[in-house]
Amino acid sequence: MFYCEMTQELSKTYEPKDVENKWYSFWLEKGFFHADENSDKKPYTIVIPPPNITGSLHMGHALNNTLQDILIRWKRMSGYNALWMPGTDHAGIATQNVVEKQLSNEGTNRHAIGRDKFIERVWKWREESGGTIIRQLKRLGSSCDWDRERFTMDEGLSEAVKEVFVRLYNEGLIYRDNYIINWCPRCHTALSDLEVDSVDTTGALYHIRYPIIGSKDAVVVATTRPETMLGDTAVAINPDDKRYKNVKGKKLFLPIANKEIPVIEDAVVDMEFGTGAVKVTPAHDPADFEMGKRHNLSQIVVIDDSGNMTAEAGGKYKGMKREECRKEIVKQLEEEGYLIKKEAHQHAVGHCYRCRAIVEPLVKLQWFVKIKPLAEEAIKAVEDEKIRFIPKGWENTYFEWMRNIKDWCISRQIWWGHQIPAWYCCDCFGDKITIFSHDKPSGTSYTALRKSGKTHEEILGSVDRCIIDKSVEPIVSKGKPKCPKCNGSNMIQEPDVLDTWFSSALWPFSTLGWPQKTKELSAFYPTDTLVTGFDIIFFWVARMIMMGLKFMNDAPFKDVYIHALVRDAEGQKMSKSKGNVIDPLIMIDKYGADALRFTLSAMASPGRDIKLSEERIEGYRNFCNKLWNASRFAMMNIDKDFKAKTIDSQNLFDKWILSRLNRLTKDTTEALKGYRFDEAANGVYQFIWHEFCDWYLELIKPVLNKKEDADKVAMTQTVLIHVLESSLRLLHPFMPFITEEIWQRLPRFGEAASISSIMTAPFPVVGDKLIDNRIEDEARLLQDAISSVRNIRGEMNIKPSVEIDVLFKTADENRADFFKEYTDYIKFLTRAKGVKIGTDIEKPKMSATGILKDMEVYIPIEGLVDFAEELSRLQKEAEKIKKEIEFVNKKLGNQDFVDKAPEAVVIKEKEMYKEFAEKLSKIESGIRKIEALKT
RNA sequence: GGGCGAUUAGCUCAGUGGUAGAGCACUGCCUUCACACGGCAGGGGUCGUUGGUUCAAUCCCAACAUCGCCUACCA
């Protein structure tokens, strides 16, 4: 065999850089990531939360994808047909903004180049830059089925979008209406409620006098947005508000605008807030919009699409920015004596989640999904536990939102995205279709343009934006239809595109080929687990559930694992502007992907954010190195012609490590089943470092060095390799690279001989018979004895180079015989020159004493240390024991405890008392002996 | 305003109705033939505060405090 020669080449430290690319390419070449839709194996599917093509890998992605990869690799090794479906999201607004910025740098803009050219530019950008995050996911080791990679703007996925839109429309679940929506005056598009970030802001509450017509009195309204008063059409009071009893039915004078508005009564008005009187601006406030509808108020639009004041706002203010207008209005109110006061006021201000501009509520004709019927099913699916949230607490968040859900505004006034498959007949409704072209931004009706001699195609070619009146009937169809009225084909397609989340809502089935009836779909849908952050439960998870239930008649996944947010070491959200970002790619370069992955999984305890620090990653890099060196040791100690034996070792420590390994296998599997990535990772870490390395490797050194018993050596080597190899397989989902690197160098026997990669090797299965409590207890006795000797050495500063004698006095012969068997081990691990064991051991006059259960340890210290040191050590020990005795005594002295506590607990306490008491008396006798010697 | 979560060793976090655990950091000793990205040993906590339930509370309950997050038509 050749691996022993290779061993010589193993460097003393693990170098991830050399290893990671090599194995990732190997896995790809072998097609190990690919899931076969024709496989008979049980499927296990995860769809990736598609990252934005504009994005680059941050720690959140790193965590999210590490966890998915752990699940997928674990399931794949466990014999499942594991599919991890990857892809990216076209991120409408974000991507459009990126490309628009590019154009702006080139001194042009999308309106100048036109819609078609612009879309071409976006695709071009996508070809060049959209793959960044995918490459980065590969660096992390993600074992996605890249052959199946999808993009939300793919042809197939676009087909799914159209299909869904048409079907929802035909069922009346999509409609087009005028409604007050969130408008971003910078992106120039509508946003859904979710796409608005509320930011707590200290603003001002202005108290303004609105004089009562025919009276000297006035009603004082309180508002944070005085500039909207130009669009006021009423003042509302609560019908129960006694303060305003006398103004009911009166008219008020609206300052500046110089007109009369009515007082209306509406129960929604909060008497406690402000003055209890609210100015009502139906065109610019969601609450006022609703009120306006209830009271038949007109909508006066005073703010335009760019956030500037309109002509309706009045001559002086026309064209002014809304912020500037506010200042001017306040100034004028002050001058004219209408401003009563201005007070500081905390309130939430909506910002565009893509560009941070302050959102303006505007009334616009938009497309909506009637969401209640879909939400009801989605709520039921979680209530009926068809879908499980982990941790369970998130179900409440989900229910809360779903039960108060409002219709979803799905139309966006941008160009990059799925254009809504709705059409309008230009021949029937040409006069109600207003075309805005780049060179004629004021807008002309379609009919007028035709009359001016332009052809239909010429008009469509010049459209920059258009307004289609609400009265124009849309024809919703996947392809361009003919007009059912006039049979004409001069159609104009709805210019708006769909919310990006509309297409990502279909991701679990659209990526598998829906609406085609594909093999993939029947093989892999419904998927098993969705792994994501809580920040997109509403955006994405809830909507996937609704769409999955609606179109597949089945929930899109069974488990939703919600992981934490990754923050910096101070608990701050990582952001570029704060400069506290820990870049996962830099960490991978520095410490290796395995170290980063392991850090994230070990810290992924449920329900708590991860405060990441670089030291932590360094620590797990050290773990990689530890594993590396343990493996080097193993390989150095294997014969060139090593042949594995059948494992039936009679050696205590072999049996011990096998028992521990199997316990670990059981615990790790349980932890993974429960999505306890932290417990799984920590368990493997603990085992490899503190049991396998600290104890087992040390314990077998005396065996391996004693070459005479070849059978024994071969058995130990077999166990050694077996345990190492199994540990590697347990660890592989967490640390794919280093485990493969080591695994490939190990001699393989049995079934493993024919397997070409650890990632296709079976995940260890627990052998319950090998878990042996008695063996573990026996090993523990020896370990405790060895630790006790080492403790004395350490405490008394006996240097490792000084060889000592160790004496064990046991309570009975059995124990003595048992210990005698392991003299060599004890010698080696305590660096002793002689070990004596027996029931009749006399304590040497000048010796240090260690007290164990049913056993005492003596180390002659004559000439090594002075008595004072040993005396103070024993006294310290005695103090400790006394405290414990006091504690137990208090309990046992309590009659209620003895009467009411379970018997087993009482017995345990009594035994403890006995043990402590014995220990104390031994220590005290030791103290007396030393004191006697001193005098 | 409503909801949720957190508060445990210097730091970051596990955890359990029956005398508190890990990693890092810290202290001492050690260049012992896998590993100084290491070994051995050690120090360190009235488990946020106050009540209650219980034989027993860090854990269950209630209030409070501090911090964080989500959500909302307080204009």
Practice task
Tell me what A:Glu698 touches on the nucleic acid: a base, only sugar-phosphate, or nothing, going by heavy atoms under 4.0 Å.
Solution key: base

Practice task
Using a heavy-atom cut-off of under 4.0 Å over every strand shown, decide if A:His207 touches base, sugar-phosphate, or nothing.
Solution key: nothing

Fill in the blank from the handout: Applying the 3.5 Å cut-off to both distances, the Watson-Crick or G-U partner of B:rA63 turns out to be B:rU49

Practice task
Could you check whether A:Val221 gets within reach of a base, just the sugar-phosphate, or nothing at all, counting any heavy atom under 4.0 Å?
Solution key: nothing

Completion exercise
Of the candidates B:rU12, B:rG18, B:rG38, the side chain of A:Glu909 sits closest to B:rG18

Exercise for the section: Please measure how far the P atom in B:rG48 lies from the corresponding atom in B:rA20, and state the result in whole Å. Expected result: 14 Å

Practice task
Just call it for A:Lys890: base, sugar-phosphate, or nothing, with non-hydrogen atoms closer than 4.0 Å on any strand.
Solution key: nothing

Problem - Heavy-atom donor-acceptor pair, A:Glu195 side chain to A:Ser192 backbone, under 3.5 Å - result: yes

Exercise for the section: With P as the reference atom in both, quote the distance from B:rA72 to B:rG2 in angstrom, rounded to an integer. Expected result: 16 Å

Handout entry: Comparing A:Lys891 and A:Ser605 on RNA chain B - which has the more 5′ nearest nucleotide
Key = A:Ser605

Problem - A:Lys701 NZ/CZ over A:Phe633 ring centroid, <6.0 Å and within 45° of normal - result: yes

Handout entry: Partner nucleotide, any strand, of B:rA20 [Watson-Crick/G-U, under 3.5 Å]
Key = none

Handout entry: Carboxylate-amine/guanidinium proximity below 4.0 Å for A:Glu360 and A:Arg225
Key = yes

Handout entry: Side chain of A:Asp270 - closest among B:rA34, B:rU71, B:rA75
Key = B:rA75

Problem - P spacing across the pair B:rU27 / B:rG10, given as an integer number of angstrom - result: 16 Å

Exercise for the section: Under the salt bridge (Lys or Arg N to Asp or Glu O under 4.0 Å) rule, collect the residues that match up with A:Arg790, sequence neighbours excluded. Expected result: none

Practice task
Assign A:Met912 to base, sugar-phosphate, or nothing according to its heavy-atom contacts below 4.0 angstrom with the strands shown.
Solution key: base

Fill in the blank from the handout: A:Ala901 has its side chain closest, among B:rG38, B:rG18, B:rA22, to B:rG18

Handout entry: Check: A:Ser787 main-chain N/O paired with A:Asn791 side-chain donor or acceptor under 3.5 Å
Key = no

Practice task
Looking at every strand, decide which applies to A:Cys624 at a 4.0 Å heavy-atom threshold: base, sugar-phosphate, or nothing.
Solution key: nothing

Practice task
Report which part of the nucleic acid A:Phe916 touches: base, sugar-phosphate, or nothing (heavy-atom distance under 4.0 Å, all strands).
Solution key: base

Practice task
Classify the ring geometry between A:Tyr685 and A:Phe623 as parallel (under 30°), tilted (30 to 60°) or perpendicular (over 60°).
Solution key: tilted

Problem - Counterpart base for B:rG38, defined by Watson-Crick or G-U wobble contacts under 3.5 Å - result: B:rC30

Exercise for the section: For B:rG15 and B:rG38, measure between their P atoms and round to the nearest Å. Expected result: 27 Å

Handout entry: Identity of whatever pairs with B:rA9 - Watson-Crick or G-U, under 3.5 angstrom
Key = none

Exercise for the section: Could you give the distance separating B:rC73 and B:rG17 at their P atoms, to the nearest angstrom? Expected result: 41 Å

Handout entry: Proximity to the side chain of A:Asn797 - top-ranked nucleotide from B:rC29, B:rC74, B:rC69
Key = B:rC29

Exercise for the section: Between B:rU12 and B:rU7, how far apart are the P atoms? Round to whole Å, please. Expected result: 12 Å

Practice task
Would you mind classifying the nucleic acid contact of A:Thr13 as base, sugar-phosphate or nothing, using non-hydrogen atoms under 4.0 angstrom?
Solution key: base

Exercise for the section: Verify the contact: side-chain N or O of A:His347 to OP1 or OP2 of B:rA72, cut-off strictly under 4.0 Å; return yes or no. Expected result: no

Practice task
Look at the side chain of A:Arg616 and the base of B:rC24, then say whether one donor and one acceptor between them are separated by less than 3.5 Å.
Solution key: no

Exercise for the section: For A:Thr397 and for A:Lys406, locate the closest nucleotide of RNA chain B by heavy-atom distance; then report the residue assigned to the nucleotide nearer the 5' terminus. Expected result: A:Thr397

Completion exercise
Ranking B:rC35, B:rA72, B:rC40 by distance to the side chain of A:Arg790, first place goes to B:rC40

Handout entry: Pairwise C1' distance for B:rC30 and B:rG23, with rounding to whole Å
Key = 23 Å

Exercise for the section: Using a 4.0 Å heavy-atom cut-off across all strands, classify A:Lys626 as base, sugar-phosphate, or nothing. Expected result: base

Practice task
Give one of base, sugar-phosphate or nothing for A:Arg676, where a contact means two heavy atoms less than 4.0 Å apart.
Solution key: sugar-phosphate

Problem - Sugar-phosphate, base or nothing in reach of A:Trp689, heavy atoms under 4.0 Å - result: sugar-phosphate

Handout entry: Check: A:Arg831 side chain, A:Lys799 main-chain N or O, donor-acceptor pair, under 3.5 Å
Key = no

Practice task
Between B:rC61 and B:rU53, how far apart are the C1' atoms? Round to whole Å, please.
Solution key: 7 Å

Problem - Partner nucleotide of B:rA25 by Watson-Crick or wobble geometry (both distances under 3.5 Å) - result: none

Handout entry: Side-chain N or O of A:Lys799 closer than 4.0 Å to phosphate OP1/OP2 of B:rC29
Key = no

Problem - Sugar-phosphate, base or nothing in reach of A:Asp285, heavy atoms under 4.0 Å - result: nothing

Practice task
For A:Glu795, answer base if it contacts any base atom (sugar-phosphate contacts may also be present), sugar-phosphate if it contacts only those atoms, and nothing otherwise; contact means non-hydrogen atoms under 4.0 Å.
Solution key: sugar-phosphate

Exercise for the section: With heavy atoms under 4.0 Å as the rule, sort A:Asn682 into base, sugar-phosphate or nothing. Expected result: nothing

Exercise for the section: Check if the side chain of A:Glu400 and the base of B:rU71 share a donor-acceptor pair of N or O atoms closer than 3.5 Å. Expected result: no

Practice task
Please answer whether the main-chain N or O of A:Ile738 pairs with a side-chain N or O of A:Asp594 as donor and acceptor at a distance below 3.5 Å.
Solution key: yes

Fill in the blank from the handout: Under a 3.5 Å limit on both distances, the Watson-Crick or wobble mate of B:rC4 is B:rG68

